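These values consider heavy atoms only, across backbone and side chains, with no hydrogens, waters or symmetry-generated copies. Throughout, a chain's letter reflects where its sequence line sits, starting with A, and its residues are numbered from 1. Small disclaimer: the values here were computed from a predicted structure and weren't measured.
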There are 2 protein chains.
Amino acid sequence: MLVANYRTGRVPRAVRSAQLLELADQLFAERGFHAASMDELARRAGVSKPVIYDHFGSKEQLFATCVRRTGEALADRVAKAVREESDPRERLRAGSIAYFRFLQDQLRAWIVLFDGEDARDTRFATEASRIRRRQSDLMIHLMAETSGTTPDHEGRPRLEAMTLAIAGAYESLSLWWHEHPEVPPEELADWLLDLIWPGLEQLNAQLATSS
Amino acid sequence: MLVANYRTGRVPRAVRSAQLLELADQLFAERGFHAASMDELARRAGVSKPVIYDHFGSKEQLFATCVRRTGEALADRVAKAVREESDPRERLRAGSIAYFRFLQDQLRAWIVLFDGEDARDTRFATEASRIRRRQSDLMIHLMAETSGTTPDHEGRPRLEAMTLAIAGAYESLSLWWHEHPEVPPEELADWLLDLIWPGLEQLNAQLATSS
DNA sequence: CATGGTAGGTTACTGATGGTAAGCAATCCA
DNA sequence: TGGATTGCTTACCATCAGTAACCTACCATG
């Protein structure tokens, strides 16, 4: 979509970069990291392999770039949805729904990351944990924004650990969802909210007053 | 440990299998899936490559076998710990502590699975989700055992989804722990318990009475 | 308008590594 | 003692990430 006409011969660097990223996204989604070959990407782009290496350095860096972009898009959508609500619980709910809706759209790309044939490769985990971290940071930030307090030095690791754990729960629930697509995003969000909200509220209170 | 003397020449099939599995476990833990080569495994076992392929079929199947064994050992330890308590909350706590203690012992093998250079490979995710599923099943089983009730047909998917989500939270928390090893397993367990117990209790009540 | 530098690109290769075909030899059993 | 079975080896192939060396369209400048 971004680049209408492939195989246009000589093209400015930025354009070629964008085109390669777009095609790489597709290819990784279709085949997974392991089975996607640089030769095929080169063929699809109508370009020779060294061009790709000149732009991205290695297959892993190319993959990392693709994943990071997706992760950022996800974080943006969640953050935006959260900011449209004011009540704490409603904020979390809105963020959750945005999260699951995003996955619904990007399903194929997502599955490549966390499930399927390639997930055994350590290279995946690095990027996955980066996304998780991003969600966790976002959550901490928004919690602070909402409650107006921040945990003291002692409470901080605990908060960090718990938000990461929650991000992991979302991630894992997404995989379950992949096998039960009939459940609507809102219901998923409500299930998870009912599960973690009581504990989360208590945690927030506990960490805020311990300072 | 299992097989004292390697390079013994001709050896019965079952013995060779056990030896190869043991060495493969070590090798994967050292290098990760991607960087571990079948040639090296063959060299270490003092055997030629086709022997390995005769026993396990492919690198991926060999890896899957290793991971599955670890997953089973983990589930066994958790189940055993849980069964030594009777109060529901104490059961969950005991299981959690057992879970984290196991990871502490098997840290290297664990990290290979969920972090590090190879986790980008889809092949990993399959096995990881198998472990998660196992923990989830265990949890459902133990919850039923404890409360004496099982959810109706409608409530079942929700319960399944929530236990998987919780398993994901444990998994993700383990990765955080890897960077904060100073936190004792008991504290991790308590943090997580405080977070999910209220919601879990409520969920259990809700699903039991809806039948 | 010639001209030289640079950005964009190509051909042709290497080195690892997963995987296999074909065959050989130790051991067991009749 | 001899033949079948089981355990194992040699020698190879195909694929794929990554690279060295080289080429050429295009642009700014004297």
Give the rounded distance in Å between these two atoms: [atom1] of [X] and [atom2] of [N].
| X | N | atom1 | atom2 | result |
| --- | --- | --- | --- | --- |
| L62(A) | dG18(D) | CG | P | 10 Å |
| L20(B) | dG7(D) | CG | P | 12 Å |
| I52(B) | dG18(C) | CD1 | P | 10 Å |
| M38(A) | dC13(C) | CE | P | 21 Å |
| E40(B) | dG15(C) | CD | C1' | 17 Å |
| K59(A) | dT17(C) | NZ | P | 15 Å |
| Q19(B) | dC8(D) | CD | P | 9 Å |
| H55(B) | dT6(D) | NE2 | P | 13 Å |

Between [Y] and [X], is there a salt bridge with N-O shorter than 4.0 Å?
| X | Y | value |
| --- | --- | --- |
| E171(B) | R132(A) | no |
| E72(A) | R77(A) | no |
| D54(B) | R16(B) | no |

Determine whether any donor atom in the side chain of R10(A) lies under 3.5 Å from an acceptor atom in the base of dA25(D), or the reverse, and answer yes or no. yes
With a 4.0 Å limit, can you tell me whether R16(B) has a side-chain N or O closer than that to the phosphate oxygens OP1/OP2 of dC8(D)? yes
Quick one: label P50(A) by what it contacts on the DNA or RNA (base, sugar-phosphate, nothing), any heavy atom closer than 4.0 Å. base
Counting the atoms with a prime plus P, OP1 and OP2 as sugar-phosphate, which does S48(A) contact under 4.0 Å by heavy atoms, base, sugar-phosphate, or nothing? base
K49(A) side-chain proximity, nearest of dT24(D), dG19(C), dA17(D): dA17(D)
Nucleotide of dA26(C), dG19(C), dG9(C) approaching Y53(B) most closely (side-chain heavy atoms): dG19(C)
Identify, between S37(A) and V51(B), the residue whose nearest nucleotide on DNA chain D lies closer to the 5' end. V51(B)
Where the side chain of S172(B) meets the backbone of G168(B), is there a donor-acceptor pair that is under 3.5 Å apart? no
May I ask you to check whether over 12 heavy atoms, not counting those of E154(B), lie within 6.0 Å of atom CD? no
